[in-house]
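Have a look at the structure below before the remarks.
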Amino acid sequence: MCGVLRPSDAGKKAVLMGWVNRRRDLGSIVFIDLRDRTGVTQVVLNLELNSAAHDKAQALRNEYVIAAIGTVKLRDSDTINKNIPTGEVELVADEIRILNESKQPPFLPSDTALTNEETRLKYRYIDLRRDVMQFNIETRHKVAKAIRDYLSGQGFFEIETPFMTRSTPEGARDYLVPSRVQPGSFYALPQSPQMFKQILMIAGFDKYFQIVRCFRDEDFRADRQAEFTQIDLEMSYPQPERVWEVVEGFLVAAFKAAGFEIKTPFPRMDYDEAIRLYGIDKPDLRLPAFTDVRDCFAPENLQQLAVNPNLPVVAIRIPNVGELSRAERDSIKPLFISKGGAKVFEDFKRIEKNLPEAAAKIAAKSGAQAGDLLVIVAGSAQSGEQTALPPHRKVTPSELAIYASAGLLRIALAQKYAERHGVFKKSGDSAKDFRFLWVTNFPMFEWDEGEKQWMAAHHPFTSPHEEDMALLEAGVESVNDPQSPLSAVRALAYDVVLNGTELGSGSIRIHRQDVQRRIFRALGMSEDEAKARFGFFLEALEYGTPPHGGIALGLDRIVMILAGAESLREVIPFPKTARAVDLMVDAPTPVGEKQLRELGIVVKK
RNA sequence: GGGGACGUAGUUCAGUUGGUUAGAACGCUGCCCUGUCACGGCAGAGGCCGCGGGUUCGAGUCCCGUCGUCCCCGCCA
């Protein structure tokens with residue numbers, strides 16, 4: 001292999017096969033850098049030593065596939081290349097065989113400047129030859145293997161579930177597969193194996209996992225692909241803590257496989273707390289939390305600033321940004337996305353000038369140092385009514401709007417000034433570089449403003465909190481009332497978050513028929529409707545279902561973070577574009593009349 | 001569905017207030033070169049300026065539309 005020869009191999013005969021990475025022709029002596037996935041070795045062709053081989057080297061071009069047969073030789077001390085692991089040796093070739101030629105590629109794997117992504121995706125087989133991509137795909141393999149090994153060792157069975165399954169009109173849009181033998185009927189590709197894994201619990205496979213492809217026909221982002229891979233698992237009789245322990249266990253193994261030591265257990269935080277401190281349900285702990293600085297202002301100050309005094313006044317602090325120019329301060333406001341009447345005071349200098357006392361208190365309370373950026377987000381007069389708080393909830397909908405607006409701005413600012421504060425740069429200290437977090441006690445229901453009703457925040461099989469059963473009972477008939485007690489029902493649902501990325505999401509499931517029925521009723525779903533959608537599943541629940549719960553983590557996202565990549569496309573061998581197009585194979589495509597006829601499909605233009 | 005950025009040689013990019021023959025680097029082709037390793041030197045080829053329309057004496061540059069890629073909001077139980 002091209003990356004393995006070392007000084008200890010000196011004198012040995014060797015055959016190297018690989019791609020011509022680069023050719024350096026000095027006339028009577030030619031150097032070939034030969035590359036395969038293990039690395040690069042220099043092959044020497046000297047006219048005086050072997051004129052036939054030297055002649056053959058004249059014909060070599062980039063990306064030709066060749067075999068070089070020769071002797072491993074220690075390099076003279078002044079010709080050692082310290083930049084590559086094989087740099088102390090070279091292969092003196094007796095013979096060169098051209099195994100295959102190559103057209104001139106649109107770009108070279110050895111290029112230093114990265115070609116645009118469209119070209120890379122079209123010629124993915126060349127892009128994948130680049131060492132970064134080879135590393136990413138290797139990391140992916142190692143991580144997946146470590147997880148398989150770990151879970152198998154813990155008594156989990158990897159069990160496959162169908163890809164061609166049943167469409168359930170919940171959640172994301174389905175990819176559909178038409179049935180030829182039953183024209184007009186369609187399978188759906190699974191958005192996740194959710195119901196199958198629960199059925200496996202009912203079936204007695206009390207520890208299940210699967211590294212499995214999932215499909216969602218929605219709009220895509222850097223961290224969302226049409227098809228993506230989940231580490232899906234489910235177990236019988238667990239407390240949430242037991243699920244977390246398993247996940248922490250396999251993440252330790254996965255990170256170790258990629259060369260990182262991480263510590264467990266991960267910290268835990270209530271959903272409400274995450275919103276209050278970070279304005280988002282997947283906080284990036286590498287950056288400081290919000291400070292509520294409402295009490296730093298005198299009441300007349302708030303009035304003067306037209307700030308709603310009943311709502312929080314949030315200070316966002318981004319450390320070590322340095323002095324901002326006027327233009328930079330002006331460029332903050334366009335980053336702000338106001339929800340529910342939230343407004344931003346992007347220029348802290350102005351607050352310092354007009355309200356020096358308040359500004360000093362804010363700086364002190366938020367722990368701001370010189371060079372830190374402070375931005376204030378507060379409620380305007382247009383903000384929603386402040387409502388009474390259920391005893392165990394810490395965030396009302398009006399507050400949520402403020403926190404969420406501030407949360408988005410916090411991230412936008414942190415990304416914009418990432419170069420300056422350097423918080424996102426890898427330090428080499430895993431405890432700092434990988435900030436894990438369990439976010440727990442999500443709300444069971446979310447208010448859908450469009451549908452004017454409460455919807456399942458996670459999925460309708462998530463178990464409510466034992467303590468909140470009475471609230472569920474009280475709210476079960478008020479699905480269309482935004483003030484319904486349903487707002488306060490917490491779910492036994494949890495997310496695992498890493499550096500502001502949601503890695504995975506899970507819950508303890510409902511195993512009791514009566515609770516499941518109540519949930520469907522609370523979601524405004526009639527008995528018949530529920531039966532039509534999930535009939536098989538509801539029936540299965542009636543045949544002795546053990547309590548069970550689980551989680552699913554995005555393998556692609558884990559590998560993306562481990563590889564230090566900015567996009568899932570960097571860790572998926574054959575990804576799709578934002579419009580779900582595969583540029584290499586050119587999919588999707590229209591199909592012929594005959595094929596459509598067989599499937600009983602007429603395409604409307 | 002909405003907002004933004006980008007599209008010029010094989011590749012990465014530059015291209016001034018609209019101005020005559022659209023440049024550079026890398027890559028490519030040929031020649032020279034015995035220790036290079038992003039080798040070096042000389043010479044050369046290579047362009048529907050994404051596509052369509054408009055304004056203009058004149059458009060890579062301005063306007064409208066369209067296609068594609070990327071990022072964000074919505075969406076993603």
Side-chain angles (χ1 to χ4, degrees), chain A residues 21-34 40-49 54 58 61-63 73 75-84 86-87 90 92 103-123 126 168-174 191-192 194-195 214-226 228 334-339 404-405 408 411-412 415-416 442 444-446 448-450 454-462 491 493 502 505 507 519 523 533-534 552 554 566-567 569 576-579 581 583:
Chain A
N21 198 49
R22 226 170 252 283
R23 182 178 66 125
R24 288 179 297 279
D25 184 349
L26 278 66
S28 307
I29 188 163
V30 176
F31 299 99
I32 305 292
D33 287 344
L34 200 60
V40 169
T41 297
Q42 174 165 284
V43 178
V44 193
L45 297 124
N46 195 317
L47 178 66
E48 277 181 11
L49 296 177
H54 178 267
Q58 302 299 316
R61 294 293 180 271
N62 285 327
E63 298 309 300
K73 172 179 161 286
R75 296 201 198 182
D76 294 338
S77 61
D78 56 336
T79 63
I80 286 172
N81 182 354
K82 282 182 280 228
N83 300 320
I84 56 173
T86 61
E90 60 194 3
V92 180
K103 292 210 299 189
Q104 188 197 335
F107 57 96
L108 293 173
S110 58
D111 279 347
T112 40
L114 201 55
T115 302
N116 83 65
E117 207 168 348
E118 223 172 321
T119 311
R120 288 177 54 204
L121 289 174
K122 182 169 178 196
Y123 298 95
I126 296 169
T168 52
E170 286 287 311
R173 296 180 184 89
D174 289 321
Q191 297 171 26
S192 80
Q194 183 61 37
M195 280 190 268
C214 302
F215 308 85
R216 293 180 192 176
D217 185 4
E218 290 294 339
D219 289 346
F220 307 108
R221 295 285 164 75
D223 61 351
R224 281 158 29 185
Q225 277 275 312
F228 60 98
L335 297 174
F336 184 67
I337 297 152
S338 173
K339 295 185 190 276
S405 302
L408 290 173
I411 292 167
Q415 279 169 355
K416 179 160 181 173
F442 276 75
M444 183 79 195
F445 302 99
E446 263 168 12
D448 185 322
E449 197 51 52
W454 290 93
M455 308 281 265
H458 192 60
H459 58 62
F461 314 117
T462 300
E502 180 197 317
S505 194
S507 63
I519 294 290
L523 290 169
R533 290 187 186 185
F534 308 113
E566 296 283 326
S567 151
R569 296 182 300 274
K576 292 177 178 49
T577 69
R579 287 176 59 252
V581 171
L583 292 174

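Quick note on labels: first sequence line is chain A, next is B, and so on, each numbered from 1. Everything numeric in this text was worked out from a predicted model, so none of it was measured.
Along RNA chain B, the nucleotide nearest to A:Pro105 and the one nearest to A:Thr577 differ in position, and the one closer to the 5' end is contacted by A:Pro105. The residue among A:Arg216 and A:Arg221 whose nearest nucleotide of RNA chain B is located toward the 5' end is A:Arg221.
Atom-to-atom, NZ of A:Lys122 to C1' of B:G50 comes out at 13 Å; the value is rounded to the nearest Å. One can place CD of A:Gln104 at 17 Å from P of B:A45, the figure rounded to the nearest angstrom. Atom CG of A:Asp223 and atom C1' of B:C73 are 14 Å apart (whole Å). Rounded to an integer number of Å, the gap from A:Glu118 CD to B:C71 C1' is 15 Å. Whole-Å rounding puts the A:Leu114 CG to B:U12 C1' distance at 10 Å. We find that CD of A:Gln58 is positioned 12 Å from P of B:U29, with the value rounded to whole Å. Atom-to-atom, CZ of A:Phe107 to P of B:C13 comes out at 14 Å; the value is rounded to the nearest Å. Taking atom CE of A:Met455 as the reference point, atom P of B:C76 lies 8 Å away to the nearest angstrom.
In this structure, B:C76 forms no base pair with any nucleotide, since neither Watson-Crick nor G-U wobble geometry is met with both distances under 3.5 Å. A 3.5 Å limit on both hydrogen-bonding distances identifies B:A24 as the Watson-Crick or G-U partner of B:U12. Nucleotide B:A5 has B:U69 as its partner under the Watson-Crick or G-U criteria, with both atom distances under 3.5 Å. Judged by Watson-Crick or G-U wobble contacts below 3.5 Å, the nucleotide B:U36 has no partner. B:G60 makes up no base pair with any nucleotide shown, lacking Watson-Crick or G-U wobble contacts both under 3.5 Å. Under the Watson-Crick and G-U wobble criteria, each requiring two contacts below 3.5 Å, nucleotide B:G46 is left unpaired.
Among the protein residues, A:Arg120 comes within range of no part of the nucleic acid, since none of its heavy atoms lies under 4.0 Å from any strand. Among the protein residues, A:Ala412 comes within range of no part of the nucleic acid, since none of its heavy atoms lies under 4.0 Å from any strand. The residue A:Lys576 sits apart from the nucleic acid: no heavy atom pair falls under 4.0 Å. If you check every strand for non-hydrogen atoms under 4.0 Å, A:Gln194 touches a base. In this structure, A:Ser192 reaches the bases: a heavy-atom distance under 4.0 Å links it to at least one base atom across the strands shown.
Counting non-hydrogen atoms of neighbouring residues, nucleotides and ligands closer than 6.0 angstrom, the NZ atom of A:Lys122 reaches no more than 12 such neighbours.
Closest heavy-atom contact between A:Gly27 and A:Gln58: O-NE2, 4.4 Å. For the residue pair A:Tyr123 and A:Pro106, the shortest heavy atom distance occurs at CD1-CG, 3.3 Å. Between A:Ser507 and A:Ala493, the shortest heavy-atom distance links the atoms CB-CA, 3.9 Å.
Ranking B:G1, B:C28, B:G30 by closeness to the A:Asn62 side chain, first place goes to B:C28. Counting only heavy atoms from C-beta on, A:Arg173 has its side chain closest to B:C75 among B:C70, B:C76, B:C75. Closest to the side chain of A:Glu218, from the set B:C75, B:U69, B:C73, is B:C75. Across B:C75, B:G10, B:U69, the shortest atom-to-atom separation from the side chain of A:Asp219 is found for B:C75.
In terms of the side chain to side chain contact (heavy atoms under 4.5 Å, CB included) criterion, residue partners of A:Glu218 (sequence neighbours excluded) are, by chain and number, A:Ala172, A:Arg173. Not counting sequence neighbours, the partners of A:Gln415 by the side chain to side chain contact (heavy atoms under 4.5 Å, CB included) test are A:Ile411, A:Phe424.
With P as the reference atom, B:G65 and B:C75 are 28 Å apart, rounded to whole Å. Nucleotides B:G30 and B:G46 are separated by 15 Å at their C1' atoms, to the nearest Å. A distance of about 15 Å separates the C1' atoms of B:G52 and B:G68, rounded to the whole Å. Atom name P, nucleotides B:G18 and B:G53: the rounded distance is 23 Å, in whole Å. Taking atom P on both B:G23 and B:G44, the two are 14 Å apart, rounded to the nearest angstrom. Rounded to a whole angstrom, the distance from the P atom of B:C42 to that of B:U8 is 29 Å. One P atom belongs to B:U12, the other to B:G54, and the distance between them is 31 Å to the nearest Å. When the P atom is used for both B:U36 and B:G41, the distance is 15 Å, rounded to whole Å.
In summary, the side chains of A:Arg24 and A:Gln42 do present a donor paired with an acceptor at a separation below 3.5 Å, with no hydrogens or angles considered. Using modelled atom types, one finds a donor on one side chain and an acceptor on the other under 3.5 Å when comparing A:Asp174 with A:Gln191.
For A:Arg224 against B:C75, a side-chain-to-base donor-acceptor contact under 3.5 Å is present.
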Filtered N/O pairs between nucleotides 35-41 of chain B and protein, under 3.5 Å:
residue, atom, partner, partner atom, Å
B:G35, N1, A:Glu90, OE2, 3.0
B:G35, N2, A:Glu90, OE1, 2.5
B:G35, N2, A:Glu90, OE2, 3.1
B:U36, O2, A:Arg24, NE, 2.7
B:U36, O2, A:Arg24, NH2, 3.3
B:U36, O2, A:Gln42, OE1, 3.3
B:U36, N3, A:Gln42, OE1, 2.8
B:U36, N3, A:Gln42, NE2, 3.0
B:U36, O4, A:Gln42, NE2, 2.7
B:U36, O4, A:Arg75, NH1, 3.1
B:C37, O4', A:Arg24, NE, 2.9
B:C37, O2', A:Arg24, NH1, 3.4
B:C37, O2, A:Gln42, OE1, 3.3
B:C37, O2, A:Asn81, ND2, 3.0
B:C37, N3, A:Arg75, NH1, 2.7
B:C37, N4, A:Arg75, NH1, 3.4
B:C37, N4, A:Thr79, O, 2.4
B:C39, OP1, A:Arg22, NH1, 3.4
B:C39, OP2, A:Arg24, NH1, 3.0
B:C39, N4, A:Asp25, O, 2.4

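Rounding to the nearest 0.5 Å gives a distance of 5.5 Å between CZ of A:Phe534 and CE of A:Met195. Note that the CG atom of A:Asn21 and the OG1 atom of A:Thr41 stand 11.0 Å from one another [nearest 0.5 Å].
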